[in-house]
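Read the structure below first, then the notes.
To find a chain, count down the sequence lines: A is the first, B the second, and so on, and within it residues start at 1. The figures here come from the full heavy-atom set of this structure, side chains too, leaving out hydrogens, waters and symmetry mates. Note that the coordinates shown come from a computational prediction; the quantities given were computed from them, not determined experimentally.
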Amino acid sequence: EELEAAFQARIDNNERIEPKDWMPEHYRKTLIRMMGQHAHSEIVGQLPEGNWITRAPTLERKQILLAKVQDEAGHGLYLYSAAETLGVTRDDLTEQLLSGKMKYSSIFNYPTLNWADIGAVGWLVDGAAIMNQVPLQRTSYGPYSRAMIRICKEESFHQRQGFDIMRKMANGTPEQREMAQDALNRFWYPSLMMFGPSDKESVHSDQSMKWRIKINTNDELRQKFVDQTVPQAEFLGLSVPDDKLAWNEEKGGYDFSEPDWNEFFQVIKGNGPCNEERIEARRKAWDDGAWFRDALTAHAEKQAQRRGEGVLQAAE
Amino acid sequence: EELEAAFQARIDNNERIEPKDWMPEHYRKTLIRMMGQHAHSEIVGQLPEGNWITRAPTLERKQILLAKVQDEAGHGLYLYSAAETLGVTRDDLTEQLLSGKMKYSSIFNYPTLNWADIGAVGWLVDGAAIMNQVPLQRTSYGPYSRAMIRICKEESFHQRQGFDIMRKMANGTPEQREMAQDALNRFWYPSLMMFGPSDKESVHSDQSMKWRIKINTNDELRQKFVDQTVPQAEFLGLSVPDDKLAWNEEKGGYDFSEPDWNEFFQVIKGNGPCNEERIEARRKAWDDGAWFRDALTAHAEKQAQRRGEGVLQAAE
Amino acid sequence: KPALFEWLCRMGDSSLILGHRVSEWCGHSPVLEEDIALANIALDLIGHTQMWLGLAGEVEGKGRDADALAYRRDAADFRNFLLVEKQNGDIGSTLMRQFLFDAWHIERLRGLKGSSSERVAEIATKAFKEVSYHVDRSADLVIRLGDGTDESHRRMQKALDSHWTYANEMFTDDGLDEAVAEAGIAMRPSGLKPAWDALVDEVLAEATLTRPQNDFARRGGKTGERHTEHLGHILAEMQFLQRAYPDASW
Amino acid sequence: KPALFEWLCRMGDSSLILGHRVSEWCGHSPVLEEDIALANIALDLIGHTQMWLGLAGEVEGKGRDADALAYRRDAADFRNFLLVEKQNGDIGSTLMRQFLFDAWHIERLRGLKGSSSERVAEIATKAFKEVSYHVDRSADLVIRLGDGTDESHRRMQKALDSHWTYANEMFTDDGLDEAVAEAGIAMRPSGLKPAWDALVDEVLAEATLTRPQNDFARRGGKTGERHTEHLGHILAEMQFLQRAYPDASW
């Protein structure tokens with residue numbers, strides 16, 4: 001009780017909690033879940049974009065996309081490392097992803113179907129991710145906060161690159177323009193879903209906000225995202241697929257339609273367009289790679305033994 | 001001795017040998033080898049053409065190609081069945097193909113690299129095959145002879161289709177014309193190799209000709225093929241890739257360069273362009289299909305058992 | 001009439017894409033008899049494609065023939081079911097997909113034989129005979145593999161579970177189906193469900209397989225709103241020559 | 001000068017096709033560190049492609065840039081080694097192919113730093129640093145996997161045997177190489193063999209792998225006379241957008 005009060009006081013005082021510090025078990029568990037899901041999302045997030053690497057339309061676009069997917073793997077690495085400071089291993093987390101015990105962002109269960117989707121993923125999906133992540137730079141857990149600072153920097157670079165693809169497509173041939181609009185149509189609502197259900201229905205929010213591992217409410221962030229994105233869509237000359245979208249002078253933001261939460265829960269349940277493919281791809285990578293990981297371990301052990309023998313011989 | 005003399009007499013008398021007839025062990029073995037290799041060639045021969053089914057340039061071409069590949073599988077089936085009359089099973093023959101103990105026509109170790117190759121395979125490869133097979137309709141072993149009669153009918157149809165592709169390509173755009181020429185360049189010498197090394201070097205020829213399981217010499221057939229094909233190439237406006245090619249009035253046929261027999265022996269040894277891929281593809285089909293074949297057997301056994309029980313119950 | 005055009009594309013595109021997938025097996029199947037049968041089914045499906053897309057082109061009246069529609073549209077313009085885009089997987093998965101489709105296909109064609117459009121009825125009549133053979137064959141193999149070994153049973157159940165929510169798309173109705181139904185051209189997809197259910201239940205029972213309880217229907221194939229990621233890869237391969245050599249004739 | 005153009009295509013095409021193959025691993029490799037490293041190698045190779053093909057386009061002087069060369073040529077015009085077209089296989093096969101190529105690549109670039117062509121020397125100098133890292137990395141992994149478990153040893157030996165005759169193509173000389181060598185632009189390929197042999201032997205020894213005795217060299221990639229069947233499939237995918245939308249800029 002006392003410990004918990006002291007802990008909460010530190011948080012209220014804007015101090016960072018570090019791995020060696022005492023923390024409530026529930027805080028630790030919640031953070032593992034959050035960071036694990038975040039890491040998994042980076043890893044699974046390689047797949048929809050990876051789908052277009054071999055078909056990128058120019059060498060430069062191919063390079064940019066490769067660099068981006070590489071960054072995502074890198075973010076996964078930071079986040080797994082940060083999570084490991086809480087006493088789980090990366091392999092544990094991976095097993096939990098593959099068994100379905102842990103989730104990843106459901107946005108990655110949507111397919112990338114034309115080249116403009118690669119733009120839309122950068123513009124909307126990374127845009128929404130940044131909106132979620134910027135506040136997390138100030139989250140109470142030190143390693144997570146520091147990982148977020150690095151990640152946010154790269155993400156905003158990715159978002160600009162995505163927007164650049166969209167601009168090129170929206171100002172291109174009629175077919176390119178159609179692809180751009182089609183991409184926006186398909187990614188708009190799934191992007192809004194990235195902020196999670198309305199706060200009224202969100203389960204974990206209150207305690208998490210108290211612990212400052214969640215900073216803003218889902219609805220706040222979603223509103224902010226819409227307000228930022230709509231003018232960008234207008235700039236591109238694309239229409240947001242929402243009849244109800246309208247500027248509300250009074251609240252100083254847009255009114256907009258909620259996404260279809262029924263679809264959201266179907267996707268979470270496994271009925272998203274690509275759930276099966278995504279997990280299958282990761283499982284295949286993991287299973288097919290077992291011999292590789294085993295071999296590296298075996299080699300390291302041999303090397304250690306050889307070094308040991310060397311030391312022994314030298315000592316004789 | 002006596003049996004063998006009688007056997008030879010029947011052959012010399014142009015009689016057909018049938019499965020239940022006595023035959024020398026070596027005759028049987030030679031035929032199994034020939035028919036097995038021929039069957040394997042049909043099966044492996046599906047692969048280079050199958051390589052273009054998914055890329056056939058029109059729906060009609062796709063249909064024609066599918067029908068052709070289907071026919072080849074059908075030829076394989078006739079030939080395995082004919083070979084089975086000599087007391088080997090199809091599975092035995094397949095195992096020998098996969099272990100490398102039995103060969104298939106080395107022409108199928110060459111890749112199909114542009115659409116005109118599909119034409120060239122029909123025109124040249126099937127053309128050479130027909131040249132080899134037409135005499136075999138009169139071969140001494142009944143089941144083989146009958147299989148060849150059916151096969152030759154279809155093959156000449158295939159050859160016409162192949163020539164039709166070549167004509168379309170040779171009379172098409174400059175790029176199509178280039179593809180046609182490129183295909184002829186790559187398939188000319190391998191097609192000449194299909195008749196086997198010069199008779200001076202051919203191992204099995206003498207006895208086989210006596211038994212009438214080989215009718216013409218390799219060199220005869222090769223000459224006939226060249227004499228038939230060169231005017232067709234001229235008709236197409238394509239050049240046969242042979243500087244030495246010239247009409248020889250005296251012999252009433254063309255003089256032409258020998259193929260590179262060193263290459264031929266390398267291909268036989270396994271160093272052809274596609275040996276590894278071809279056998280891998282067949283091995284994968286076989287291994288991946290084991291559960292399927294086992295299941296069909298298991299189901300048939302269950303059904304037989306159920307029928308048996310039904311009979312029993314009816315009898316009670 | 002654009003509704004009919006699009007509806008014909010739905011018919012033709014599903015045949016085309018399934019024909020493509022099936023043709024990938026050529027030379028790679030577990031037994032020679034399957035090589036032959038699968039090539040034959042692919043051949044039939046490509047034949048149907050020519051008829052459906054040929055008619056679609058005529059109906060559209062913009063001078064596009066079946067080849068133009070097959071080879072010069074990009075993924076977003078395709079109207080095939082998602083089910084037929086799925087990767088082949090093992091031969092069991094391919095045959096299960098085939099059976100679920102064939103069971104729909106035969107009912108679809110049976111109804112179309114009485115279509116108010118003579119041309120549609122004519123195509124359906126031609127295709128019906130071939131598809132009767134397809135469904136007999138795929139049903140038979142689903143039974144034998146479902147009730148074969150433990151291994152084959154497991155594989156077939158897994159394939160069934162994986163395809164199920166895709167198969168459900170075949171019975172979704174939309175405005176286009178409504179318009180075509182009102183014109184007497186084709187029954188609403190939902191109307192095909194009872195006969196499909198009956199056949200599927202019968203075959204699954206004999207195959208000792210369990211019908212999945214998931215009624216969720218994946219959508220987006222027949223409307224073109226959201227295909228799978230596979231379609232783009234299929235088209236890149238299929239359309240290469242027509243795209244790379246737009247002026248050639250073949 | 002056409003010989004130089006074609007020689008530059010040889011350099012650029014091998015980088016392009018290998019970069020393509022390596023990029024197929026993105027998101028599918030056995031550990032996160034490999035995902036990162038493989039994406040990075042692909043990225044470097046595509047970068048080299050831009051430089052080599054960019055210079056090739058300039059030398060040709062017909063207004064084709066690197067993208068035009070990468071995306072608008074068909075298979076017969078490609079000049080890459082057969083080795084880099086090979087399918088990825090398992091990660092061991094991919095890494096073995098990479099090592100055999102890297103060991104050639106580093107020697108090739110080392111020599112080119114002193115090329116009589118300033119532009120060639122400049123590109124080689126830039127690429128050399130990156131490729132030093134590639135070869136260190138692939139050599140290290142070949143050693144660890146060769147001398148890992150029985151299973152990994154078996155896989156690496158199989159990969160080595162399978163790639164060997166393809167690797168031999170990298171050291172075949174032809175008239176074009178002769179012309180380029182005489183102009184002082186690049187050493188004859190056969191001249192790279194001793195250094196390659198030394199490195200390969202050293203690494204294989206440490207990896208406890210047996211060098212294949214087959215000196216046969218597969219040919220036809222760098223001359224374009226006979227590629228493998230894989231190249232057409234690679235290009236169908238890679239070039240789809242440029243082929244389908246020839247008027248677009250991206």
Side-chain angles (χ1 to χ4, degrees), chain B residues 39 42-74 76-77 80 90 94 114-115 165 168-169 172-173 175-176 179 281-282 284-300 302-303, chain C residues 16 19-44 46-47 49-50 53-54 65-67 70-71 90-92 95 141 143-156 234 237-242 244-245 247-250:
Chain B
E42 298 282 356
I43 300 313
V44 176
Q46 294 180 90
L47 299 173
E49 296 188 291
N51 183 40
W52 281 90
I53 289 176
T54 54
R55 287 178 291 171
T58 68
L59 294 170
E60 194 187 349
R61 291 289 178 202
K62 196 187 286 275
Q63 285 187 289
I64 293 171
L65 186 54
L66 274 163
K68 186 181 175 198
V69 174
Q70 189 188 3
D71 283 349
E72 277 154 15
L77 208 52
Y80 284 126
R90 201 208 294 182
T94 301
N114 77 51
W115 175 249
I165 291 178
K168 205 73 177 163
M169 296 295 283
T173 65
E175 291 101 330
Q176 284 178 298
M179 289 186 218
R282 293 307 306 165
K284 189 173 186 312
W286 186 247
D287 292 348
D288 289 357
W291 72 271
F292 173 89
R293 296 187 302 275
D294 292 346
L296 296 192
T297 309
H299 180 80
K302 281 186 196 175
Q303 288 294 86
Chain C
L16 175 59
H20 182 99
R21 280 296 191 212
V22 173
S23 80
E24 292 175 353
W25 277 101
C26 276
H28 302 280
S29 91
V31 287
L32 208 36
E33 286 78 359
E34 278 308 296
D35 273 335
I36 295 171
L38 291 169
N40 192 49
I41 289 166
L43 186 54
D44 289 343
I46 302 301
T49 305
Q50 280 184 308
L53 293 186
D65 61 8
D67 283 334
Y71 287 97
D90 65 21
I91 187 77
L95 291 169
L141 280 162
I143 290 169
R144 289 154 75 194
L145 296 171
D147 186 23
T149 61
D150 289 350
E151 163 86 354
S152 72
H153 181 85
R154 189 186 59 72
R155 286 177 184 254
M156 295 309 279
I234 290 173
E237 186 165 331
M238 183 172 96
Q239 300 179 336
F240 177 75
L241 287 175
Q242 288 269 355
Y245 304 99
D247 304 326
S249 87
W250 307 92

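Looking at C:R21, neither its backbone nor its side chain comes within 4.5 Å of chain B, counting heavy atoms on both sides. Proximity to chain B (any heavy atom under 4.5 Å) is restricted, for C:L16, to the side chain, taken from C-beta onward. Looking at C:L95, the atoms closer than 4.5 Å to chain B (heavy atoms on both sides) all sit in the side chain, from C-beta outward. If you measure heavy-atom distances from B:K302 to chain C, the contacts under 4.5 Å come from the side chain alone. Looking at B:T173, the atoms closer than 4.5 Å to chain C (heavy atoms on both sides) all sit in the side chain, from C-beta outward. Contacts of B:L77 with chain C are made by both backbone and side-chain atoms, with heavy-atom separations under 4.5 Å. Of the two parts of B:Q63, the backbone and the side chain both hold a non-hydrogen atom closer than 4.5 Å to a non-hydrogen atom of chain C. Within the 4.5 angstrom heavy-atom criterion, only side-chain atoms of C:Q242, from C-beta onward, approach chain B.
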Carefully, step by step, assess B:L296 and C:L145 under the rule side-chain contact (heavy atoms from CB on, under 4.5 Å). CA-CA 7 Å; B:L296 296 192; C:L145 296 171; 3.9 Å; yes
Evaluate the salt bridge (charged side-chain N to carboxylate O under 4.0 Å, His left out) criterion for residues C:E24 and B:R55: first the C-alpha distance (whole Å), next the side-chain angles of each, then the deciding distance (0.1 Å), finally the verdict. CA-CA 11 Å; C:E24 292 175 353; B:R55 287 178 291 171; over 6 Å; no
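Counting only heavy atoms from C-beta outward, the side chains of B:H299 and C:I143 approach each other to under 4.5 Å. Inter-residue side-chain proximity for C:F240 and B:T54 is flagged as unmet; no heavy-atom pair is nearer than 4.5 Å. Taking the side chain as every heavy atom from C-beta outward, B:W291 and C:T149 never approach each other to under 4.5 Å. Residues C:W250 and B:Q176 form a side-chain contact, since some pair of their non-hydrogen atoms from C-beta on lies under 4.5 Å apart. When side chains are defined from C-beta on, B:E72 does not count as touching C:D35, because their heavy atoms never get closer than 4.5 Å. The side-chain heavy atoms of C:L141 and B:F292, taken from C-beta on, include a pair separated by under 4.5 Å. Within the 4.5 Å cutoff, the side chain of C:H28 has no heavy atoms near those of the B:Q46 side chain.
Taken to the nearest 0.5 Å, the CD1 atom of B:I53 stands 14.0 Å off from the CH2 atom of C:W25. Distance SG/C:C26 to CG/B:L65: 8.0 Å, rounded to 0.5 Å. Atom CG of C:L32 sits about 4.0 Å away from atom CD1 of B:I43, to the nearest 0.5 Å.
The salt bridge (charged side-chain N to carboxylate O under 4.0 Å, His left out) search around C:E34 returns C:R137, not counting sequence neighbours.
The candidate with the highest count of non-hydrogen atom pairs below 4.5 Å against chain C, out of B:D287, B:I165, B:D71, B:L47, is B:L47. Per-residue counts of heavy-atom pairs under 4.5 Å with chain C were compared for B:Q70, B:E49, B:R293; the largest is that of B:Q70. Per-residue heavy-atom pair counts under 4.5 Å with chain B were compared for C:D147, C:L43, C:V31, and the maximum is reached by C:D147. Ranked by heavy-atom pairs shorter than 4.5 Å toward chain B, the options C:S249, C:S23, C:A70, C:A42 are led by C:S249. Interface summary for chain B: among C:D247, C:N40, C:D44, the most heavy-atom pairs under 4.5 angstrom belong to C:N40. Top candidate by heavy-atom pairs under 4.5 Å with chain B, chosen from C:R155, C:E151, C:H20, is C:R155.
Across all their heavy atoms, C:A39 and B:L66 have their closest contact at O-CD2, 4.1 Å. When all heavy atoms of B:A285 and C:S29 are compared, the closest pair comes out as CB-O, 3.6 Å.
Side-chain atoms of C:R144 never come within 3.5 Å of backbone atoms of B:A300 as a donor-acceptor pair (strictly under, hydrogens ignored). Of the possible polar contacts, one joining the C:D67 side chain to the B:L59 backbone as a donor-acceptor pair under 3.5 Å is found.
The list of salt bridge (charged side-chain N to carboxylate O under 4.0 Å, His left out) pairs with a residue in residues 56-67 of chain B, not counting sequence neighbours, reads B:R61-B:D164.
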